[in-house]
Amino acid sequence: MTKWWMIRAGDHNELIPVWKDKFIASIGWPKLGNPKQYKTKDEMIAKASAVFAESKPNSRSSWVSQVWRFSREIKKGDRVITYHREKREYMVGTVLEPHFYDEAVGDQAYPNNIKVEWEEVTVERDLLSQAAKNSLGSVLTVFRVDEWGNEIENLIEHPFSDPKPTDEVEEDEIIEDLVGKATVMIQDKVDKLDPWEMQELVGGLLRAMEYNVQVSPKGPDGGVDVLAYKDAFGFEKPIIKVQVKHRKSSAGAPEIQQLLGANPIDANSLFVSTGGFTSHAEAVAKHNSVRLVDLEELVDLVMKWYENMPTDVRALLPLKKMYVPE
């Protein structure tokens with residue numbers, strides 16, 4: 001089976017004229033040097049850790065994987081595509097010669113090269129299926145796109161085909177999948193906070209809801225981790241007392257009873273447990289009007305109120321806004 005590769009033409013498509021003129025495709029990371037000098041990927045990772053020390057480990061690992069893939073896995077006869085953003089079309093080519101390292105062939109910032117015979121016919125993005133568009137939209141520099149090879153080949157042979165109608169159901173499913181994956185990733189990030197950071201997160205959430213908040217310092221808390229008031233002095237009701245349990249095991253009924261018995265006795269009770277609750281705990285909470293919040297609901301609330309949370313609390317959980325079609 002023919003392998004298909006997507007290769008990004010620089011950060012802003014600036015490499016496309018060079019690629020067409022020199023019959024190449026190229027990627028960067030020159031600080032790593034010639035990737036063929038490394039016998040194993042671990043050796044390249046060690047080098048990346050030294051020359052990209054200021055970058056996140058996950059970013060370094062991703063960069064190494066892409067350079068390794070480009071230099072080791074792309075072979076003569078493989079098919080290559082790249083996206084021309086301004087024209088909204090894909091250039092398609094065939095690999096004539098696998099990886100070679102040369103700073104003088106094209107742009108010196110992109111010294112990792114392959115020889116490519118670029119075709120005159122391009123593929124309009126609007127003619128692709130919605131699934132293909134979304135798959136080809138990955139931000140990685142080098143990745144496999146074998147599953148869309150037949151569709152692209154068909155459009156090269158029939159460049160004046162009518163665009164495929166947008167499948168709204170498929171688009172909705174893709175958006176739902178994106179949102180779902182993002183939510184799970186945030187849950188994982190929250191789950192990695194330590195118990196004291198979790199208290200600060202819950203306190204920041206209540207501040208975003210315009211409560212005045214006191215977070216208990218480290219040490220014995222008497223069953224209450226956070227107190228929230230509507231007024232600065234704590235006289236005006238509702239007063240909310242909060243217990244935060246950040247662990248894998250479920251919170252039990254005795255812990256609910258402990259929160260109910262803690263001062264102030266007449267305050268509303270909120271229990272946050274990232275490990276969930278036992279059925280007995282849920283029954284006791286329902287009988288005593290204790291509000292229970294598990295990890296999933298906590299993350300939903302954080303996402304809803306995130307922009308109103310204090311800067312120092314958001315720093316515990318850095319998030320980036322993402323827009324998707326309605």
Side-chain angles (χ1 to χ4, degrees), residues 56 182-278 280-321:
K56 295 179 180 179
T183 302
V184 170
M185 290 173 69
I186 296 171
Q187 289 175 4
D188 290 342
K189 292 289 186 183
V190 170
D191 200 39
K192 290 179 181 178
L193 297 177
D194 67 34
W196 307 112
E197 290 172 332
M198 186 64 73
Q199 285 185 194
E200 293 293 340
L201 182 67
V202 173
L205 174 61
L206 288 164
R207 287 191 180 96
M209 297 175 176
E210 299 185 348
Y211 283 94
N212 292 280
V213 174
Q214 295 178 8
V215 178
S216 298
K218 293 182 179 181
D221 53 33
V224 176
D225 294 313
V226 181
L227 278 173
Y229 314 91
K230 272 298 182 181
D231 68 298
F233 295 103
F235 296 134
E236 182 183 345
K237 294 185 179 180
I239 299 172
I240 302 174
K241 55 182 177 181
V242 189
Q243 179 63 268
V244 181
K245 293 297 181 184
H246 183 39
R247 63 192 185 198
K248 300 298 181 185
S249 59
S250 302
E255 292 168 309
I256 305 294
Q257 295 285 8
Q258 182 184 19
L259 176 60
L260 287 167
N263 286 319
I265 297 296
D266 60 345
N268 294 316
S269 297
L270 171 65
F271 203 116
V272 179
S273 171
T274 56
F277 303 89
T278 65
H280 193 193
E282 290 175 348
V284 171
K286 184 177 181 180
H287 181 73
N288 292 279
S289 300
V290 177
R291 182 70 164 83
L292 303 183
V293 174
D294 59 13
L295 176 62
E296 186 174 334
E297 185 176 3
L298 174 63
V299 168
D300 288 342
L301 289 168
V302 167
M303 289 192 296
K304 179 179 179 180
W305 293 94
Y306 186 76
E307 292 187 358
N308 292 36
M309 292 173 70
T311 303
D312 60 331
V313 177
R314 281 186 292 169
L316 297 174
L317 184 68
L319 301 180
K320 183 184 295 185
K321 181 181 286 188

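Quick caveat: nothing in here was measured; it's all calculated off a predicted structure.
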Checking side-chain contact (heavy atoms from CB on, under 4.5 Å) against S269, which of I256, V224, L260, I240 comes through? L260
Which residue is it: L316, D194, V226, L317? I am looking for the one with a side-chain contact (heavy atoms from CB on, under 4.5 Å) to E200. L316
One should read off an interatomic distance between L201 CG and L298 CG, to the nearest 0.5 angstrom, of 5.5 Å
Using a strict cut-off of less than 4.0 Å between a Lys/Arg side-chain nitrogen and an Asp/Glu carboxylate oxygen, indicate whether K320 and E307 qualify as a salt bridge. no
Is the backbone N or O of V244 less than 3.5 Å from a side-chain atom of D225, with the two atoms forming a donor-acceptor pair by type? yes
Is a salt bridge present between R291 and E297, judged by a nitrogen-to-oxygen distance below 4.0 Å? yes
N288 (side chain) donor-acceptor with V284 (main chain) under 3.5 angstrom: yes
Taking the basic N atoms (NZ, or NE/NH1/NH2) and the acidic carboxylate oxygens, is any pair closer than 4.0 Å for R207 and D312? no
Beyond-backbone contact of K245 with T274, side-chain heavy atoms, under 4.5 angstrom: no
Please report the shortest heavy-atom distance between I239 and P264, naming the atom on each side. CG2-CG, 4.1 Å
Measuring from atom OH of Y306 to atom CD1 of I186, what distance do you get when rounded to the nearest 0.5 angstrom? 9.0 Å
Backbone N/O of D191 and side chain of H246: donor-acceptor pair under 3.5 Å: yes
